[in-house]
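One-based numbering, in listed order, for ligands and for the atoms of each. All figures in this text were calculated on a predicted structure; none of them were measured in a lab. For the numbers below, each heavy atom of this structure counts, side chains included, while hydrogens, waters and symmetry mates do not.
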Amino acid sequence: MNKIPPLDLTQQYQQIEADVSKAVLAVLASGQYIGGPQVQQFETQFAEYIGTRHAVVCNSGTDALYLAMRALDIGPGDEVITTPFTFVATAETISAVGATPVFVDVDPLTFNIDADQVAAAITDKTRAVIPVHLFGYPADMTRLMAVAEAHGLTVIEDCAQATGAQWQGQKVGAIGHVGCFSFFPTKNLGACGDGGAITTNDPELVGRLRSLREHGQRQRYLHDEVGVNSRLDAVQAVILQIKLRHLDTWNQQRHAVAERYHQLLAPVPDVVVPQVATQGRCVWNQYTVRIVHPAAADLQARRDRRDAVRQFLQDQGVSSMVYYPIPLHLQPVYQSLGYREGQLPVAERLACEVLSLPMFPELPPEAQAQVVHALKDAIAL
Ligand SMILES: *Cc1c(COP(=O)(O)O)cnc(C)c1O
């Protein structure tokens with residue numbers, strides 16, 4: 001029995017090791033470690049890849065979200081509508097700029113924010129909406145943009161898990177007013193450390209973002225506003241340049257892995273496979289199934305069953321993950337916002353049922369067969 005990890009970054013590194021070593025050593029020898037031509041080149045290449053006029057790189061996906069909101073002057077007194085079924089950074093950055101996150105429920109099939117729920121949550125304080133293309137699955141940008149336009153809202157796409165994903169032929173991050181990306185190592189385009197980027201077509205916003213990420217200075221040592229230090233290292237920039245050239249291939253491999261899971265899991269009862277995007281292209285940062293309880297009992301029973309399945313897989317050497325076990329509106333940090341259990345029922349139910357199976361481009365078919373075999377046994381218990 002082989003141990004199967006949730007993901008394995010070493011195989012990808014082996015493919016590009018020669019190129020990466022050479023490029024990193026050249027940066028080390030150049031003496032230019034922060035900023036410089038390699039960082040600018042990556043910004044140009046990334047904007048071209050996403051299909052926006054500009055990309056501004058920064059220190060992380062979290063900073064990308066924070067900087068985007070700062071540059072849009074979103075702050076105290078403003079509300080930003082987002083999903084509770086996401087990584088905490090999506091909401092945390094809304095709070096970090098002084099605004100208030102407003103959580104609305106998600107679509108049970110796509111796990112993404114529901115545009116009707118967004119429309120229903122708009123108040124005169126609402127400034128923006130942050131859809132998350134969760135697990136690489138594109139949110140319904142057509143409906144979201146329509147709601148946003150009708151109410152004069154800004155759309156900030158959280159593309160952290162979806163570099164390369166498309167909605168109706170357009171890459172995510174090029175559809176809303178700004179796109180925020182993460183280059184955390186486990187994302188589809190991952191650096192060998194932290195990194196992030198903001199994409200936009202708005203040149204004014206770009207000037208503001210460049211200033212904010214460097215201590216609020218447009219000119220050296222002339223500070224217009226309070227900024228932060230959030231830059232991408234040249235070493236990461238050259239690694240990302242190399243990886244960007246492989247990204248479409250790796251995303252295609254993820255697609256093949258997802259298709260194989262779909263086929264293998266089709267006959268397995270009580271396992272609901274993720275939706276296949278019909279109006280776009282999912283890039284499968286995660287392959288997340290739902291373990292449903294046959295007796296449709298309460299949430300705790302659903303959670304217990306999912307956790308039992310996960311433990312069984314673990315005992316069989318198969319790692320799986322729960323993204324995310326507690327929706328953000330029920331997190332201790334947001335207790336003061338006053339949400340109650342039962343208020344966002346889809347997100348709360350998903351939190352009890354989801355299980356992300358091993359997923360990475362190089363995952364071999366035999367390993368997938370082992371995962372599904374273990375899952376079948378777990379369900380049959
Ligand atoms: C990873 C992630 C982030 C944050 O990115 P970092 O680079 O880790 O700061 C934000 N939103 C979502 C949905 C993410 O998955």
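- The pair Arg220-Glu214 fails the salt-bridge criterion, with no side-chain N (NZ, NE, NH1 or NH2) lying under 4.0 Å from an Asp/Glu carboxylate O.
- A salt bridge is absent between Glu48 and Arg53: the closest approach of a Lys/Arg side-chain nitrogen to an acidic carboxylate oxygen does not fall below 4.0 angstrom.
- Using a 4.5 Å heavy-atom threshold, the side chains of Leu328 and Thr86 count as touching.
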Less than 3.5 Å apart, N/O on ligand 1 and N/O on the protein: could you list those pairs with the distances?
unit_1: ligand 1; atom_1: 5 (O); unit_2: Ser182; atom_2: OG; d: 3.3
unit_1: ligand 1; atom_1: 7 (O); unit_2: Gly61; atom_2: N; d: 2.8
unit_1: ligand 1; atom_1: 7 (O); unit_2: Ser182; atom_2: OG; d: 2.6
unit_1: ligand 1; atom_1: 9 (O); unit_2: Gly61; atom_2: N; d: 3.4
unit_1: ligand 1; atom_1: 9 (O); unit_2: Thr62; atom_2: N; d: 2.8
unit_1: ligand 1; atom_1: 9 (O); unit_2: Thr62; atom_2: OG1; d: 2.5
unit_1: ligand 1; atom_1: 11 (N); unit_2: Asp158; atom_2: OD1; d: 3.3
unit_1: ligand 1; atom_1: 11 (N); unit_2: Asp158; atom_2: OD2; d: 2.8
unit_1: ligand 1; atom_1: 15 (O); unit_2: Gln161; atom_2: NE2; d: 2.8
unit_1: ligand 1; atom_1: 15 (O); unit_2: Lys187; atom_2: NZ; d: 2.7

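- For the ring-ring contact (aromatic ring centres under 6.0 Å, His included) condition, the pairs that include at least one residue of residues 300-336, sequence neighbours left out, are Phe103-Tyr334, His329-Tyr339.
- In this model, a donor atom of one side chain and an acceptor atom of the other lie less than 3.5 Å apart for Asp304 and Gln300.
- A salt bridge is defined here as a Lys NZ or Arg NE, NH1 or NH2 lying under 4.0 Å from an Asp or Glu carboxylate O, and Arg305 with Asp270 meets this definition.
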